[in-house]
Amino acid sequence: MAEQQKKPQKEQDINQLLKVRREKLENLQAEGKDPFVITKYDVTHHSMEIKDNYDTLEGKEVSVAGRMMFKRVMGKASFCNVQDLQGNIQAYVARDDIGEDSYKDFKKYDVGDILGIKGFVFKTKTGEISIHAKEVTLLSKSLQILPEKYHGLTDTDTRYRQRYVDLIMNEDVKDTFIKRSKVISSIRRYLDGQGFMEVETPMLVSNAGGAAARPFETHFNALDEDLKLRISLELYLKRLIVGGMERVYEIGRVFRNEGLDTRHNPEFTLMELYQAYTDYHGMMDLTENLYRYIAKEVTGSEVLTYGEHTMDLSKPFERITMVDAVKKYANVDFNEVANTAAAKKLADEHHIEYEDRHEKGDILNLFFEEYVEEHLIQPTFIMDHPIEISPLTKKKPDNPDYVERFEFFMNGWEMANAYSELNDPIDQRERFEAQEKAFEAGDDEANHTDEDFLNALSIGMPPTGGIGFGIDRMVMMMTNSPAIRDVLLFPTMKSLDK
């Protein structure tokens, strides 16, 4: 009963505080001091810049702007703390320096208000680098209340839904997203330096191909056509290789109608690149070099720590076939498995579930997922996948049951997927037909025949290596973030009741 009374009382207190903030704004507006009419403020320095360059800035005038996170009023002089992009800095605000009217206004400002502070740089008696304010400007009035400083914002659901508050209250969160930006800019720098060209391809497509996933569907009113959101970047980028653009890449959002968990979000960032006149071995070399470059640029080291694991990117990445990996960890040699019936018998003996439509190659992949993935902590290339799970990949010339494909693993996760790209239009049509049969048999993630893509292949595509990187998982690895939602600024969330 006491608990029930406490909650309404707390809500009343909050409502009263919010009312006071509104009244403060109304008073400022009545006095001609409406902060919302201000359109700009000249910022000369940021907090960390001042602290890092104190020796040259001591006694110099600076202007900073940011959110007031703390205020202590002491008669004729006060201290406040302003937080900007780089961190925070203390300001000393005295009545005799900013004027009596301004000081009176300052004392009414609330934590959360956005201030502009102009003054000179100095150190307090305790040695803290600060700004001695000569002018304080209210740039925006906060009408909401931030979480308490010492309790902070810890509820993960609220953090994801109100990322703007999360960024204000949790410095490590802001650091994660600064690093995310560095990851993407590092990718661009590396690929641009290798002669790749960044391009953009359609998000709304009539045929969502290039991956095994269910698409989101929508309707385009102007053409009265049903369209899908892309699940991959592949088929359009390959069209550009046909057109003579020998090295292309795209970093963009793709959409897959699947579940939510710590490593999956229905919209995520994918980077795909295609390079003419190379194969999947060339893509392995590129992946090793790219990952080392990004790790060095973003973390300063080629050794990454993720949870309890340490991954050393400085050493050559292991390269092992899927068949050999299953033999190593499950003690089953699929080279000795004669056919699909024998593979299913093995699956039954190992209590691995499969579907009637599955063939020998599908069963091999199920064994791999069950027995191998969790062991792939250090950077590893799993090579030579069965043809059944690789509809867009070149067959191995010496063993057509398998294809020239690899998946790149770290920390037990798939981080990238790469092929020697299939450029035979006749073979590609047969693969599409097999996918159509799989769809009819119940595989709602199967690809559909793309006639325009087949036409492009018929015109002629050179031997090509291609790869897709999950950017969100890469950022998770570079920032030691436990869940994909921690590296998405606005992850997909179930709507709250209105």
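Computation of the quantities below employed the complete heavy-atom set of this structure, encompassing side-chain atoms and omitting hydrogens, waters and symmetry-equivalent molecules.
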Does [X] pair with [Y] as a salt bridge, N-O distance under 4.0 Å?
X: Glu302; Y: Lys296; value: no
X: Lys40; Y: Asp42; value: yes
X: Glu355; Y: Arg357; value: yes
X: Lys345; Y: Glu349; value: yes
X: Asp348; Y: Lys344; value: no
X: Glu388; Y: Lys360; value: no
X: Lys394; Y: Asp424; value: no
X: Asp192; Y: Arg189; value: no
X: Glu234; Y: Lys238; value: yes
X: Asp472; Y: Arg180; value: yes
X: Asp155; Y: Arg159; value: no
X: Lys396; Y: Asp384; value: yes

Could you tell me whether Arg405 sits above the aromatic face of Tyr419, with NZ or CZ closer than 6.0 angstrom to the six-membered ring centre and within 45 degrees of the axis?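 Not satisfied by the 6.0 Å and 45° rule.
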Does any donor atom in the side chain of [X] or [Y] lie under 3.5 Å from an acceptor atom in the other side chain?
X: Ser481; Y: Thr479; value: yes
X: Arg292; Y: Ser314; value: no
X: Gln275; Y: Tyr277; value: no

If you take the centroid of each ring, where Trp contributes its six-membered ring, are [Y] and [X] closer together than 6.0 Å?
X: His385; Y: Tyr402; result: no
X: Phe432; Y: His448; result: no
X: Phe381; Y: Phe409; result: no
X: Phe334; Y: Phe367; result: yes

Strictly distance-based, threshold 3.5 Å: is any side-chain N or O of Thr176 a donor or acceptor partner for the main-chain N or O of Asp172?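 Here the side-chain-to-backbone pair exists.
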Determine, step by step, whether Glu436 and Thr449 satisfy the side chain to side chain donor-acceptor pair (under 3.5 Å) criterion, reporting the C-alpha distance in whole Å, the side-chain angles of both residues, the deciding distance to 0.1 Å, and the verdict. CA-CA 7 Å; Glu436 295 284 7; Thr449 305; 3.2 Å; yes
Full working for side-chain contact (heavy atoms from CB on, under 4.5 Å) between Ser47 and Val64: CA-CA 7 Å; Ser47 56; Val64 299; over 6 Å; no
If you look only at distance, which donor and acceptor atoms sit under 3.5 Å apart when one is on a side chain in residues 316-329 and the other is two or more places apart or in another chain?
from, atom 1, to, atom 2, distance (Å)
Arg319, NH2, Asp285, OD1, 2.9
Arg319, NH2, Glu288, OE2, 3.3
Thr321, OG1, Asp324, N, 3.0
Thr321, OG1, Asp324, OD2, 3.2

Flag yes if more than 12 heavy atoms outside Asn339 fall under 6.0 Å of its CG atom; otherwise flag no.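 Above 12, so yes.
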If you draw a 6.0 Å radius around CD in Glu451, do more than 12 non-hydrogen atoms from other residues or ligands fall strictly inside?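 Atom CD in Glu451 is crowded, with more than 12 foreign heavy atoms closer than 6.0 Å.
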